[in-house]
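Here is the structure we will look at.
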Amino acid sequence: MIKKSYTREDSKYKPSIMMVISYPDVRLKKEMESLQKNGYNVKVIMWERGWPFPHDPQIPVKSLKINADPGHIKSLFYFPIWWSFLVIELFRSQWDVIHAVNFDTYLFSLITARMKNKPIIYDIFDFYGDVLPGFLRNIVVTMDKSLLPYSNALILADDSRIKQIGGKIHQNIHTINNSPLEHFFTGTNPDFDENKFVVFVGGKIVEQRSLDMLITVVREIKDIKLIIRGHCGEPEYKQRLLRLGGESENVDIYLDGVAYDEIIKGTLGADLTIALYDPNIPNNKYASPNKLFEAMASKIPIIVNKNTSMADIVKNENCGIVIPYGDEDALKNAILVIKNNPDLKKRLGNNGRIAYENKYNWSIMENRLLEIYHQVLDNEFNAEMG
């Protein structure tokens, strides 16, 4: 049975958690609000990159406001500013444990935690080394793998990432999937257009996710509508998508960032969603994106590509169709199969919903998160009592 909050001899004691991240992220929002409502005093240090990050106003957020897209190589030049900001704020603040997201916060958070003799939890949303080019990849991967065992607990977004980090090289590994909160999916599903089959794609938009190919495919299909809502930080690709969308009567596209509840609303009102990730990028092989679990919770099928961990989940749960990456004909055929077979669409959607309720509901993930904190803080308290 999970305790509601960690306590010391003083029952009014509320452990203070400093969560640090270099970009706004829905996963962090869920984690910090779960901890806050379960009796922890949560604070956040963030590099705020310009897109919406609505959160509980009771949670104080210290933000570095320099707009530099995380996926762009130019953002690397701003990291010395970010690290300086991070270290200063960590030393100025009072906290009992650091919750560091990804390697670009973990290194300096680890140093600070050791200097203050405090525990640190390392939460890997993305294994940064595997998204970097050339020599940088080798350097960061080596540093990350060598330093991650020094955290008091390691959190991964998918079981498959254990292989990505080199096996069970940490003594205390936990998985918290990118599951959405249940309350977003209660009530009646909105309909964008009752007379058309709606495909919705929302979230971060980058070139390797093949939305230009999707637009090209969709405009060749009758009685279908494609809605794209998200943030694209690649100027040339953004203009290409806007041009392609503007030339297509059945495409509705907006790329300047939207709030998360708009993404959920779009998914709930759709018949199908799509998540294509280039498997030649090492990190994508282990991607377990929000949109997969949002599709499950929304009871709609999803199309994903082979050679990814999400393809394994889709196949195991029978909640969508798996295609080769970059195959335009396969994408078109998969859309048509679901569009033209309402019974199949319903069956795949129901399968996804059952999997969400039984395996991937956020309440399950929240309990795991609380267990991690109880363990880490109990161990710390016992060490202090020595």
Going by an N to O cut-off under 4.0 Å, is there a salt bridge joining [X] and [Y]?
X: Arg229; Y: Glu262; value: no
X: Lys291; Y: Glu294; value: no
X: Arg243; Y: Glu247; value: yes
X: Glu33; Y: Lys37; value: no
X: Arg240; Y: Asp212; value: yes
X: Asp271; Y: Lys196; value: no

Grouping I, L, V, M, F, W and Y whenever their side-chain heavy atoms are under 4.5 Å apart, do [X] and [Y] come out in a common cluster?
X: Leu344; Y: Val199; result: yes
X: Ile354; Y: Tyr360; result: no
X: Ile88; Y: Met19; result: no
X: Met115; Y: Leu147; result: yes

Please walk me through it: do Asp159 and Thr175 pass side chain to side chain donor-acceptor pair (under 3.5 Å)? CA-CA 6 Å; Asp159 289 340; Thr175 296; 2.6 Å; yes
Verify whether the ring centers belonging to [X] and [Y] lie closer than 6.0 Å.
X: Tyr373; Y: Tyr40; value: yes
X: Trp47; Y: Phe79; value: yes
X: Phe184; Y: Tyr260; value: yes

Do other residues, nucleotides or ligands put more than 12 heavy atoms under 6.0 Å from the NZ atom of Lys116?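 Count over threshold, so yes.
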Verify the neighbour count for atom NZ of Lys285: are there more than 12 heavy atoms of other residues, nucleotides or ligands below 6.0 Å?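 No, NZ of Lys285 has 12 or fewer neighbouring heavy atoms, counting only those of other groups under 6.0 Å.
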Would Lys30 and Trp362 count as a cation-pi pair here, with the cationic atom under 6.0 angstrom from the ring centre and within 45° of the axis?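 Satisfied, under 6.0 Å and within 45°.
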Quick check against the 3.5 Å criterion: does [X] have a side-chain atom that pairs as donor or acceptor with the backbone of [Y]?
X: Tyr106; Y: Ile121; value: no
X: Glu207; Y: Tyr237; value: no
X: Asn341; Y: Val337; value: no
X: Asn351; Y: Asn318; value: yes

Minimum side-chain heavy-atom gap Asp123-Glu31 below 4.5 Å: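 SC-SC contact between Asp123 and Glu31 confirmed.
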